[in-house]
Student: 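This structure is in structure tokens; I'll ask about it shortly.
Just the heavy atoms: all of them, side chains too, but no hydrogens, waters or symmetry mates, feed the values below.
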Amino acid sequence: LINEYLGEVHILVEGTDLSGLENESGGHRIQRVPPTERKGRVHTSTVTVAVIDGGGYSSTTDIPEKDLRIEWYSGTGAGGQYRNKHQNSCRITHLPTGITAKAECRSRQNSLAEAVASIQHQVDEATKKQYNNSIASDRKQQVGSGMRGDKIRTYRFQDDTVKDHLTGKTAKCSSVLKGNIDLLWS
């Protein structure tokens with residue numbers, strides 16, 4: 001998935017051993033001489049790489065009943081004696097998170113269903129936000145600042161060399177780009 005506006009490329013890798021990919025996270029410096037460059041000046045670009053487990057977010061649709069506190073009360077507003085005699089309004093609190101939802105319907109079943117649906121939605125949104133925050137934190141930690149000092153690897157296309165600054169190993173750039181990235185790993 002390529003996002004041109006954010007300058008991101010997402011690559012999904014499945015069915016292989018991913019144990020070595022944690023070495024890829026960080027800044028990669030790319031040096032090349034463009035074909036239009038007449039004086040042979042080297043252009044340097046920086047790419048930041050983050051390796052994130054793509055397990056993804058799964059919504060939690062079922063909340064155990066023991067995690068809910070259900071309270072019934074009389075509704076507010078107009079309605080006279082009927083409204084005051086019957087406790088059809090519902091307040092549910094999700095105990096682990098403290099999220100609360102209310103529903104005031106004419107029947108207990110409708111009030112309960114509406115409040116439970118609201119709680120499920122709010123808990124799902126809170127869980128999703130927490131998941132996204134942990135992914136963003138993990139990405140920021142892996143990528144660093146993206147500055148030249150944070151580089152883990154330098155690709156020099158004019159010399160056809162790649163140097164891994166963590167392991168100190170050097171390999172041919174053409175070979176690494178064909179998938180032999182393990183030449184740089186310790």
Side-chain angles (χ1 to χ4, degrees), residues 1-28 46-147 149-153 166 181-182 185-186:
L1 172 75
I2 299 175
N3 187 336
E4 296 176 20
Y5 299 107
L6 295 177
E8 294 180 353
V9 176
H10 296 260
I11 300 172
L12 178 64
V13 181
E14 293 179 346
T16 60
D17 182 20
L18 304 177
S19 60
L21 289 179
E22 65 269 3
N23 298 332
E24 298 302 311
S25 61
H28 293 243
T46 302
V47 176
T48 54
V49 176
V51 179
I52 309 266
D53 178 20
Y57 168 75
S58 61
S59 66
T60 56
T61 54
D62 294 333
I63 297 174
E65 196 171 324
K66 65 179 178 65
D67 288 349
L68 301 176
R69 182 177 65 225
I70 302 171
E71 300 171 280
W72 295 98
Y73 59 95
S74 298
T76 59
Q81 281 185 322
Y82 178 82
R83 184 99 187 213
N84 295 332
K85 284 193 328 188
H86 297 87
Q87 294 190 337
N88 289 340
S89 299
C90 178
R91 180 185 309 116
I92 297 180
T93 305
H94 185 247
L95 298 174
T97 60
I99 295 173
T100 302
K102 296 179 183 179
E104 293 184 7
C105 298
R106 287 190 60 87
S107 71
R108 287 188 107 168
Q109 293 88 357
N110 291 348
S111 292
L112 183 62
E114 189 177 310
V116 167
S118 178
I119 283 286
Q120 285 180 338
H121 176 71
Q122 290 180 43
V123 168
D124 192 35
E125 287 297 315
T127 307
K128 187 176 182 180
K129 184 177 180 181
Q130 183 181 6
Y131 173 78
N132 288 337
N133 287 344
S134 71
I135 292 293
S137 171
D138 191 23
R139 176 179 283 123
K140 185 171 177 79
Q141 183 181 2
Q142 287 184 30
V143 168
S145 66
M147 302 301 288
D150 289 342
K151 68 184 176 292
I152 63 161
R153 193 167 295 145
L166 298 176
I181 202 159
D182 55 337
W185 297 342
S186 58

Student: Which of these, His121, Glu114, Gln122, sits in a side chain to side chain donor-acceptor pair (under 3.5 Å) with Ser118?
Tutor: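 Going through His121, Glu114, Gln122 one by one, the side chain to side chain donor-acceptor pair (under 3.5 Å) with Ser118 is satisfied by Gln122 alone.
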Student: Calculate, to the nearest 0.5 Å, the distance between atoms CD and CG belonging to Gln109 and Asn88 respectively.
Tutor: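 Answer for the CD-CG pair, Gln109 versus Asn88, is 8.5 Å.
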Student: At their closest point, which heavy atom of Arg108 faces which heavy atom of Gln87, and how far apart are they?
Tutor: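 Looks like NE-O, 3.3 Å.
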Student: How many angstroms lie between atom SG of Cys105 and atom CG of Leu112, to the nearest 0.5 angstrom?
Tutor: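 Cys105 SG to Leu112 CG: 10.0 Å, rounded to 0.5 Å.
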Student: Restricting to ring pair (Phe, Tyr, Trp, His ring centres under 6.0 Å), what partner residues turn up for His28, sequence neighbours left out?
Tutor: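 Tyr155.
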Student: What distance separates Thr97 OG1 from Asp67 CG, expressed to the nearest 0.5 Å?
Tutor: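 Rounded to the nearest 0.5 Å, the OG1-CG separation comes to 9.0 Å.
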Student: I need the Ser89 OG to Trp72 CH2 distance, nearest 0.5 Å.
Tutor: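 These two atoms lie 8.5 Å from each other.
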Student: Just wondering, do Lys129 and Glu125 contact through their side chains at under 4.5 Å, heavy atoms?
Tutor: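 Sidechains of Lys129 and Glu125: no contact.
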Student: How long is the straight-line distance from OG of Ser111 back to CD of Glu104, given to the nearest 0.5 Å?
Tutor: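 If I round to the nearest 0.5 Å, the distance is 7.5 Å.
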Student: Keeping Thr93 on the side-chain end and Thr100 on the backbone end, is there a donor-acceptor pair under 3.5 Å?
Tutor: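 Such a contact is absent between Thr93 side chain and Thr100 backbone.
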Student: For a 4.5 angstrom cut-off between non-hydrogen side-chain atoms, does Asp124 reach Gln120?
Tutor: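 They are not in contact (no side-chain heavy atoms under 4.5 Å apart), so the answer is no.
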Student: Please check if the number of heavy atoms outside Glu71 that lie under 6.0 Å from its CD is greater than 12.
Tutor: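 It does: Glu71 CD has more than 12 such atoms within range.
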Student: State, to 0.1 Å, how close Ile119 and Ile63 come at their nearest heavy-atom pair, and which atoms those are.
Tutor: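 Ile119 and Ile63 have their closest heavy atoms at CG2-CD1, 3.8 Å.
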Student: I need the minimum non-hydrogen distance between Ala115 and Cys90, along with the two atoms involved.
Tutor: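 What the structure gives for the nearest pair is CB-SG, 4.2 Å.
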